[in-house]
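See below for the structure under consideration.
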Number of protein chains: 2
Amino acid sequence: MPTISDVARAAGVSMSTVSYVLSGRRPISAETSARVRAAIAELGYHPHAGARALASSRTSVLALVVPLRADVNVPVIMQFVTAVVTAARRYHHDVLLLTKDEGTAGLERVAGATMVDALIVMDVEGDDVRIPALGRLKQPSVLIGLPDDPAGIACVDLDFAATARECLTHLAGHGHRRVALVGPSPSVYERGTTYAQRFLDGFTDASAELGLETVAHSCEPGADGVRDCLAWIDSEQPGTTALLVHNEDALVPLLDELRARGRSVPGDLSIVAVCPRDVATSLPVKLTSADIPAHDVGTLAVETAMALLEGRKAPGTRLLPPTIIERDSCGPLS
Amino acid sequence: MPTISDVARAAGVSMSTVSYVLSGRRPISAETSARVRAAIAELGYHPHAGARALASSRTSVLALVVPLRADVNVPVIMQFVTAVVTAARRYHHDVLLLTKDEGTAGLERVAGATMVDALIVMDVEGDDVRIPALGRLKQPSVLIGLPDDPAGIACVDLDFAATARECLTHLAGHGHRRVALVGPSPSVYERGTTYAQRFLDGFTDASAELGLETVAHSCEPGADGVRDCLAWIDSEQPGTTALLVHNEDALVPLLDELRARGRSVPGDLSIVAVCPRDVATSLPVKLTSADIPAHDVGTLAVETAMALLEGRKAPGTRLLPPTIIERDSCGPLS
DNA sequence: AGTGATCGTCGAAGCGCTTCGACGATTGGG
DNA sequence: CCCAATCGTCGAAGCGCTTCGACGATCACT
C-alpha cells in the first residue's frame, strides 16, 4: 500500500502539497496538481482512513441506527436505509450500521471511539432514553421520527397528523361520513412510537373538524388480527363506508378478508392506505394512498446531518407534507 | 475526550501498560489492571478508533455489501443484514454498509482506505465482476452465494440443489407425480444469480431420479405474473398436482389466484414453498416449506470472516443442508 | 547458588495523515 | 514604483494508539 509520501516522492513534491491537492484547502498550481494526480493514479494510492481521521478528527462515516423489530414494515425500513446510504455517498460519506437493540451503549461506543461524524437514528420513541444520550455526544445527530421532547436534536419525518387530515378530507370529499382507522399493531402504540399517535391525533382532530363519525382501532398482525379489527369496527360503528389503513402488513389480509365477505372495494367500502407507493400498487386493487416518502425522509436526514457538520443551519424539526395519490380504492358513497 | 495518556497518568502507569491492560497481549498484575480500569471508567475513556487502526492496522469493522434491487424479497435481505450485524457485534466488530450498485469501486474504496478488516458480499452472480476485484484486495472476503468460479474466495449459502431435491422427495413421498416449479422473476435468472439456477438444476436432476413429470417456469412479479405462470403450467403440463414455489413474493398472489379459481390447498393442489419461516406461517394457509436460513447463513459468513482474519481455516465453500418444515399446504394425492 | 524463563512494566518509535507557520515569488492598487 | 495581499510550496509538529525491545524482579529448576 503506497502512502502519501510515496506519492509525494513520485510527484517530486512534499507530503503537504499532496494533501492540499486532495483536499483543495490551499491553492496548488495546475501543473503540480496534475503531476500529483498522475502519481496517485499510477501508484493506486488511497488515503488511509484511520490516519486521516486521527489527523483531521473527521471520519467521513455516518452511523445509522435501525430497528430490528418486525412490528414495522420491513421493506419500509429498508427504503430508509438505502436512501440514507445513497445520500451519504453523494456527500462522500459511508454508513456504519447499528441496531436499535444495542441501545444507548451502541451510540456511546461509536461516538466515543470517534468512528463516526454524525448519527442518524430511526424509530425513536416518545420518551426515548437515547435522546439524552445523543445530547451528550460530541457528534451531532438527526432523528427520523419525532419524540415528545427532541431536546434540541434535529428531527425529520412525515407530517403524520397532516397526513391523517388529508386522508380524511379526501374521504369526506367523496361523501364518506363514517370512517374507521385501522391502525398499526398495538405494540407500536405501547412502545410509544409517536408516528402512530400523531396520526391518530390528526385523525381525531380532523374528524371533529369535518364533522365525521369515526372510530379507530389498532390491528394485530396476521389474518386473525385483521378479522378481529373488522369485527370490532362493525360492532362499534355499523355502516362504516370507508377505511383508513395505517398498517402496511394488514393490507393483504384485509383485502383477502373483504373479498371473502363479498365486500367489494371501492364499491361497498372505500380504502385509503398510508404506505409506500410500491405497496399501494402491488395489491389486487391499486390503493389510493398517502405516500410514505421513505426516500425523501432518509435523504433529508442525511442532508440535515451534513448541514450540522458544516455548522450551518440551526437544527429543528422538519415535517414533510403528505402526498395523496388517487388510485382505484376510493369511490363516491353509493 | 480523554486519551490513553490521561488514563495512564490517572492510574500512575505508562501508556503502554494501559494498552496492554486493554488488549491483554502481555501479562499485567491484577492490581495495576484494576487501577487502570478504574481510571478508564472514571474518565469515560474510549480508545480512538482511527488511532487504533493506524497503529495496529486493524479496524474492527466489516463491510457488508447488500443488493438494492427489488427482485429478491426485501425482508430476506434484511434478515441477512441483521444476522451479520448481530454476529459481528459478538466479535466486537461493527458493520459498514455498502450497496451493490457501487460495484467494484465501492469495494476498492473501503478496502484501499483500510476502513474494514474483511468484506462480506451478498447477492453474487455467476460471473460476478466483483470477484476478481475482491481477490486483489489485501483484506479477506466472504461471499453469500456461490459464483461459477469463487477463485479461492470463501462462500457460504444454502444448498439450493439439495433443497430442491428434498422438496421433490417430500412431494413424491406424498404421492405426487406431476410437479411444477414456480421460480423467481426472470430477471433473477438473467442476472445470473446462481441460487436460482442451482435450485432449478437440483429440481431437474431430482425429477429424473424420482421419475417425476415436471416443468419449471419463472414468475414475473405481481398478480399478473402469477396468472401467466399458472396458465403456462396448466397448458404445458395439465394435471399438475403440486407446486414448488421458489419465490416469496409470488406466494400471496398465488394463493389469491388459486382461491379465485376455487382450487383448494392442499385439497386440489399441494404447495411446498422455499422461504423464511415467518413468511410460511403468516399466510392464510400455513405452508410446508424449505427454510431459507438467512440468520444461519449470515452468522456463518461472519464466523468465516473471523476465521480468515485469525488465519485459521482454509477458505472454501460451505453449503448448509436444507430443512423441510411440514405445515398444512402439502397433502396426499387424492 | 546459578541460570534461564517468565512476569510486569516502561520508554520510544512509528503508523499515515492534516494543518500551521514560514517563505520566496507574483500580483494589484495607489 | 512600493507595499500589501495572495499564490504556491515546504517542513515539522502533532493526532492517539500499538508494539518492540529493554530491564529489573521473580520463579523454577538443577
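Chain letters run A, B, ... following the sequence lines, proteins first, then strands; residues in each count from 1. These numbers come from the heavy atoms of this one structure, side chains and all, not from hydrogens, waters or symmetry mates.
For C/dC20, neither phosphate oxygen OP1 nor OP2 lies less than 4.0 angstrom from any side-chain nitrogen or oxygen of A/Tyr20. Contact between the side-chain N/O atoms of A/Ser57 and the OP1/OP2 oxygens of C/dT18 is not found at any separation under 4.0 Å. Within the 4.0 Å cut-off from OP1 or OP2 of D/dT19, at least one side-chain nitrogen or oxygen of B/Arg58 is found.
A/His48 places its NE2 atom 15 Å from the P atom of D/dC17, with the value rounded to the nearest Å.
Residue-to-nucleotide proximity on DNA chain C shows that, of B/Ser14 and B/Leu54, the 5′-proximal contact is made by B/Ser14. Mapping B/Val13 and A/Ser56 onto DNA chain C by nearest heavy atom places B/Val13 at the nucleotide closer to the 5' end.
Contact of A/Arg26 with C/dT19 (side chain to base): no donor-acceptor pair of N or O atoms is detected under 3.5 Å. Residue side chain A/Ser16 reaches the base of D/dG11 through a donor-acceptor N/O pair under 3.5 Å, judged by distance alone.
Within the 4.5 Å cutoff, the side chain of B/Met306 has heavy atoms near those of the B/Leu62 side chain.
The 12-atom threshold is not exceeded at CZ of A/Arg318, counting heavy atoms of other residues, nucleotides or ligands nearer than 6.0 Å.
Within the nucleic acid shown, A/Thr3 comes within 4.0 Å of sugar-phosphate atoms alone, with no base atom in reach, counting heavy atoms only. The residue B/Ser23 sits apart from the nucleic acid: no heavy atom pair falls under 4.0 Å.
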